[in-house]
Amino acid sequence: MIFDLHCDTIDRLINSKDRLKKNNFSVDVEKLKKSNANAQIFALYVSLQLEEDPLKKCLKMIDRFYSEIELNKEDIKLATNYDEFIKNKNENKISAFLSVEEGGTLQGNLYNLRILNKLGVRVMTLTWNIENEIGYPNINHDYIEKGLKKFGFEVVSEMNRLGMIIDISHLSDKGVKDVLNYSKAPVLASHSNARAICNHKRNLTDEMIKGIAKNGGVIGINFEKTFLSDKDVGAVEYIVNHIKHIINVGGENCVGIGSDFDGISTKNLEMQNVGEIYKLIDGLKKANFTEDVIEKIMYKNALRLVKDVMI
Ligand SMILES: [Zn+2]
């Protein structure tokens, strides 16, 4: 079983006539089936720079998501909580979870969060790479010490109340601290790696890894080359190094997979698509990970988070 915590496939689909069933991107229904995947979180990435009305763009993406799911209803179905995941699994269907990647989509209004929740969204990445009403991204050095804004704290409480998973990937270092201090529920870093292994701002410090682990949260390992090492290759071996480090720092219950497929370039990646995740399983076996820990990394930790947070 595989549970991938982050892909940007809907963004690819919305900009093309391609379909979710079979395409040349890294995630489609056929590739998910090939890898025996049971769950995929589909991120709806909205660009605040490109979109005049980010909410409108997000709604368009949600509509496209549901159209694609409908066309593949024998194989994949929306899941909004653990029980729905189990029901889908028993029907031999992949669970598709919806996430919004850009809290600016809310345009500073909690009612937009509640409406998105009603439309099936159960995860939200508080920021992308630019400042929004919630807080600041980690990509800009000047933002490191800038934490959540007033609206950001309100969003955290409302997401806690609604049973939505707070995703802190992309968020400023101080913002992550604020979320960890303030959130009543475990959090997710859906697609970030370890800064001690690869010094990139998008990656997590050991302190953050400890905080996320202590809080019962999960870190999805990103396959993006520049987050893995200083080499222009995305080798499985580098992914294994990040996993080893995160387990050393935070324990075996805090790491999962957050491929970022279709949001990253696949040039020189050892795994080109979600159908090739078996290469990572082989890599972990080679590195002497036990079957039990491999299962935790591949899906059990992610599933526990869903069970603990989603209502
Ligand atoms: Zn991202």
Side-chain angles (χ1 to χ4, degrees), residues 1-13 18 20-43 45 75-76 94-97 99 101 169 188-194 197-198 200 202-204 218-247 252 255-291 293-303:
M1 297 221 289
I2 287 165
F3 190 139
D4 179 15
L5 291 154
H6 192 90
C7 78
D8 278 311
T9 313
I10 303 298
D11 188 46
R12 296 281 179 113
L13 294 176
D18 290 280
L20 186 62
K21 186 178 177 62
K22 186 181 163 65
N23 57 49
N24 289 323
F25 308 138
S26 291
V27 177
D28 63 24
V29 172
E30 291 193 0
K31 293 177 194 113
L32 285 164
K33 283 170 79 174
K34 188 184 162 205
S35 72
N36 226 346
N38 287 83
Q40 175 72 56
I41 297 186
F42 287 92
Y45 162 65
D75 295 313
I76 188 164
I94 300 158
S95 282
F97 290 90
S99 163
E101 185 176 20
S169 279
L188 172 68
S190 68
H191 56 307
S192 297
N193 298 340
I197 301 291
C198 175
H200 191 292
R202 277 279 289 102
N203 288 340
L204 305 163
V218 175
I219 298 156
I221 294 289
N222 195 320
F223 299 172
E224 159 65 30
K225 290 189 287 284
T226 56
F227 301 171
L228 288 173
S229 79
D230 55 5
K231 303 195 179 58
D232 188 37
V233 187
V236 163
E237 185 193 333
Y238 304 153
I239 297 174
V240 172
N241 288 342
H242 281 270
I243 292 175
K244 269 188 195 162
H245 180 80
I246 292 175
I247 290 181
E252 62 190 42
V255 62
I257 302 300
S259 69
D260 210 358
F261 273 138
D262 294 328
I264 58 173
S265 159
T266 51
K267 192 171 164 264
N268 299 336
L269 287 200
E270 200 173 336
M271 289 183 288
Q272 288 286 303
N273 60 64
V274 79
E276 294 183 355
I277 287 193
Y278 66 88
K279 291 181 183 173
L280 178 56
I281 299 175
D282 291 346
L284 290 166
K285 281 182 187 159
K286 242 197 332 211
N288 292 322
F289 281 73
T290 64
E291 200 69 43
V293 174
I294 294 174
E295 281 186 347
K296 285 185 175 185
I297 297 164
M298 288 299 152
Y299 73 95
K300 278 189 176 163
N301 289 336
L303 200 53

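All values derive from a computational prediction rather than experimental measurement.
Going from atom CG of Asp28 over to atom CD1 of Ile76 covers 10.0 Å, rounded to the nearest 0.5 Å.
In terms of heavy-atom proximity, His242 sits nearest to Ile221 at CB-CD1, 4.0 Å. Looking at every heavy atom in both residues, Asp260 comes nearest to His191 through OD2-CD2, 3.3 Å. Leu13 and Asn23 make their closest contact through CD2-ND2, 4.1 Å (heavy atoms, listed as atom of the first residue, atom of the second, distance). Minimum interatomic distance between Val27 and Cys7 (heavy atoms only, all atoms of both residues): CG2-CB, 4.0 Å. Closest of all the heavy-atom pairs between Ser259 and Ile264 is O-CD1, 3.6 Å. Annotation for Ser35 and Gly275: closest pair CB-CA, 3.9 Å, computed over non-hydrogen atoms.
Residues Leu303 and Lys300 form no side-chain contact, since every pair of their non-hydrogen atoms from C-beta on lies 4.5 Å or further apart. For the pair Lys285/Glu291, a side-chain contact is recorded, criterion being any heavy-atom separation below 4.5 Å from C-beta on. In this structure, Lys34 and Val274 have side chains that are not in contact, with every pair of non-hydrogen atoms separated by 4.5 Å or more. Using a 4.5 Å cut-off on side-chain heavy atoms (C-beta onward), Ile257 and Ile277 make contact. Side-chain contact check for Asp11 versus Phe42: every heavy-atom pair is 4.5 Å or farther apart. A 4.5 Å side-chain heavy-atom check between Met271 and Leu280 finds at least one atom pair inside the cut-off.
Tested against Leu284, the residues Val293, Ile297, Ile239 include a single side-chain contact (heavy atoms from CB on, under 4.5 Å) partner, Ile297.
Judged by distance alone, the side chain of Asn203 and the main-chain N or O of Asn193 form a donor-acceptor pair under 3.5 Å. Distance alone, capped at 3.5 Å, is enough to place a donor-acceptor pair between the Asn268 side chain and the Asp232 backbone. Looking only at distances, no side-chain donor or acceptor of Ser192 sits under 3.5 Å from a matching main-chain atom of Ala189. Lys225 places a side-chain N or O within donor-acceptor distance of the main-chain N or O of Lys267, the cut-off being under 3.5 Å. A donor-acceptor contact shorter than 3.5 Å is absent between the side chain of Glu30 and the backbone of Lys22. Distance alone, capped at 3.5 Å, is enough to place a donor-acceptor pair between the Ser169 side chain and the Ser190 backbone. Looking only at distances, a side-chain donor or acceptor of Gln272 sits under 3.5 Å from a matching main-chain atom of Thr266.
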- Message: Using the rule given for side-chain contact (heavy atoms from CB on, under 4.5 Å), can you reason through Asp4 versus Tyr299, listing the C-alpha separation, both sets of side-chain angles and the distance that settles it, and then say yes or no?
- Response: CA-CA 8 Å; Asp4 179 15; Tyr299 73 95; over 6 Å; no
- Task: List the steps, then state whether side-chain hydrogen bond (donor to acceptor under 3.5 Å, both in side chains) holds for Ser26 with Asn273.
- Result: CA-CA 4 Å; Ser26 291; Asn273 60 64; over 6 Å; no
- Message: Under the criterion ring-ring contact (aromatic ring centres under 6.0 Å, His included), I'd like the reasoning laid out for Phe97 against Phe3: C-alpha separation, chi angles, the key distance, then a yes or no.
- Response: CA-CA 10 Å; Phe97 290 90; Phe3 190 139; 5.6 Å; yes
- Task: Take His6 and Glu101, measure what side-chain hydrogen bond (donor to acceptor under 3.5 Å, both in side chains) needs, and give me the verdict at the end.
- Result: CA-CA 10 Å; His6 192 90; Glu101 185 176 20; 3.3 Å; yes
- Before giving the answer on side-chain contact (heavy atoms from CB on, under 4.5 Å), spell out for Val218 and Leu5 the whole-Å C-alpha distance, their side-chain angles and the decisive distance to 0.1 Å. CA-CA 10 Å; Val218 175; Leu5 291 154; 3.9 Å; yes
- Task: I would like to know whether Asp18 and Arg12 meet side-chain contact (heavy atoms from CB on, under 4.5 Å); could you show each step before the answer?
- Result: CA-CA 8 Å; Asp18 290 280; Arg12 296 281 179 113; over 6 Å; no
- Evaluate the side-chain contact (heavy atoms from CB on, under 4.5 Å) criterion for residues Lys286 and Glu237: first the C-alpha distance (whole Å), next the side-chain angles of each, then the deciding distance (0.1 Å), finally the verdict. CA-CA 10 Å; Lys286 242 197 332 211; Glu237 185 193 333; over 6 Å; no
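Ring planes of Phe223 and Phe261: perpendicular class, angle over 60° (limits at 30 and 60°).
Within a 6.0 Å sphere centred on NZ of Lys279, other residues, nucleotides and ligands contribute more than 12 heavy atoms.
Electrostatic pairing of Asp75 and Lys33 counts as a salt bridge here, judged by a charged N lying under 4.0 Å from a carboxylate O.
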